[in-house]
Amino acid sequence: MNFRPIHPGFFEKPTLELAEKLLGQYVVHEHPEGVIAAKIIETEAYMGAEDRAAHSFGNRKTKRTEIMFGKAGLVYTYQMHTHTLMNVVSGPIGIPQAILIRAGEPIAGEDLMQKFRGNISRKDWSNGPGKLAKALDVTMNYYGHHWSEQPLFIAEGPGISEVEIGPRVGIQNTGEAVHYPYRFSEKGHPMVSKYR
DNA sequence: CCTTCGATGGGCT
DNA sequence: GCCCATCGAAGGA
């Protein structure tokens, strides 16, 4: 399959709209060993200064979060325990919002995805943010890269049938933010992550 | 199917 | 020294 990076203007949308429109697009990694691609089926929006669950809550700017203040479409990777998580920076420059890519469906390079994920069943290759990054072999080296440029980019995909919207998962000690409807997924897809 | 729990390392105060 | 935007194994039903 032949994938082309989406145009940079795609990322210049209100963050909640972009989070929804990323569903059904492809994440593509032109890896030295071959092309790996997954269809995005789950995202979460982090709304910056007013969102207690966001790393940039209160406009906190550190070496880790500074990329969130940059232009839409930049890659924000960060480490959670032993895992890498992939985000799309969103919103105008100076507004530190981002979208976490939480799950994907294998589309291309499945031999490599299996190699990077080890000896587990296909349905568990990329049904979580850390798993997806590992299946694509995306590392912290891509911090600050842009999602419209090779070798790691978003490509236009087929879209999804129906969207489901609900509260984000895995966050805690964030008060009301726990209930915000900032999680978007393809309704009924078997590889949407199942965390509480 | 479900829930619980330990490993784990970087970021931040 | 504490806090996680996680994962996978283990154990129960």
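First the proteins, then the strands, lettered A, B, ... as listed; each starts at 1.
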Between atom CG in L132(A) and atom P in dG8(C), what is the gap in whole Å?
12 Å
Take the protein atom NE2 of H81(A) and the nucleotide atom C1' of dG9(B), then report the distance between them rounded to whole Å.
8 Å
Among Y26(A), W147(A), F3(A), find the residue that satisfies the side chain to side chain contact (heavy atoms under 4.5 Å, CB included) test when tested with I154(A).
W147(A)
Expressed as a whole number of angstroms, how long is the span from I171(A):CD1 to dC4(C):C1'?
12 Å
Is the NZ atom of K13(A) crowded by more than 12 outside heavy atoms at less than 6.0 Å?
yes
Send over the distance from M80(A) CE to dT6(C) P, rounded to a whole Å.
5 Å
So, OP1 or OP2 of dA5(C): does either fall under 4.0 Å of a side-chain N or O from R183(A)?
no
Starting from Watson-Crick (N1-N3 plus N6-O4 or O6-N4) and G-U wobble pairs under 3.5 Å, report the runs of at least three that DNA chain C belongs to.
B:1-7 with C:6-12, B:9-12 with C:1-4
Nearest-Å distance, OH (Y143(A)) to C1' (dG10(B))?
14 Å
Nearest-angstrom distance from the residue atom NZ of K194(A) to P of dA9(C)
16 Å
Is it the case that the side chains of Y142(A) and H29(A) hold a donor-acceptor pair, with the cut-off being a distance below 3.5 Å and no angle test?
yes
Using 30° and 60° as the class limits, which term best fits the ring planes of H55(A) and Y76(A): parallel, tilted or perpendicular?
perpendicular
Contact check, side chains of M47(A) and L16(A), non-hydrogen atoms, under 4.5 Å:
yes
Where the side chain of H83(A) is defined as all heavy atoms beyond and including C-beta, which of dC7(C), dA5(C), dT8(B) is the nearest nucleotide?
dC7(C)
Pair E42(A) + R102(A): basic N to acidic O under 4.0 Å:
yes
side-chain contact (heavy atoms from CB on, under 4.5 Å) evaluation trace for H146(A) with F11(A)
CA-CA 10 Å; H146(A) 200 277; F11(A) 299 101; 4.0 Å; yes
Taking only the side-chain nitrogens and oxygens of R117(A), find out if one of them lies under 4.0 Å from OP1 or OP2 of dG8(C).
yes
side-chain hydrogen bond (donor to acceptor under 3.5 Å, both in side chains) partner of R122(A), chosen from Q114(A), E110(A), E105(A):
E110(A)
Between the side chains of N127(A) and K123(A), is a donor N or O closer than 3.5 angstrom to an acceptor N or O?
no
Should the pair E186(A)-K39(A) be classified as a salt bridge under the 4.0 Å nitrogen-to-oxygen rule?
yes
What is the distance, to the nearest angstrom, from the CE atom on M140(A) to the C1' atom on dG9(B)?
12 Å
Let's see if you get this right: which residues in residues 50-79 of chain A place a heavy atom under 4.0 Å from DNA chain C?
A53(A), H55(A), Y78(A)
Numerically ordered, the residues 120-131 of chain A set in heavy-atom contact under 4.0 Å with DNA chain C is G128(A), P129(A), G130(A), K131(A)
Report the distance from atom CG of N173(A) to atom P of dC3(C), rounded to the nearest whole Å.
8 Å
If the threshold is 4.0 Å, N to carboxylate O, is there a salt bridge linking K115(A) and D137(A)?
no
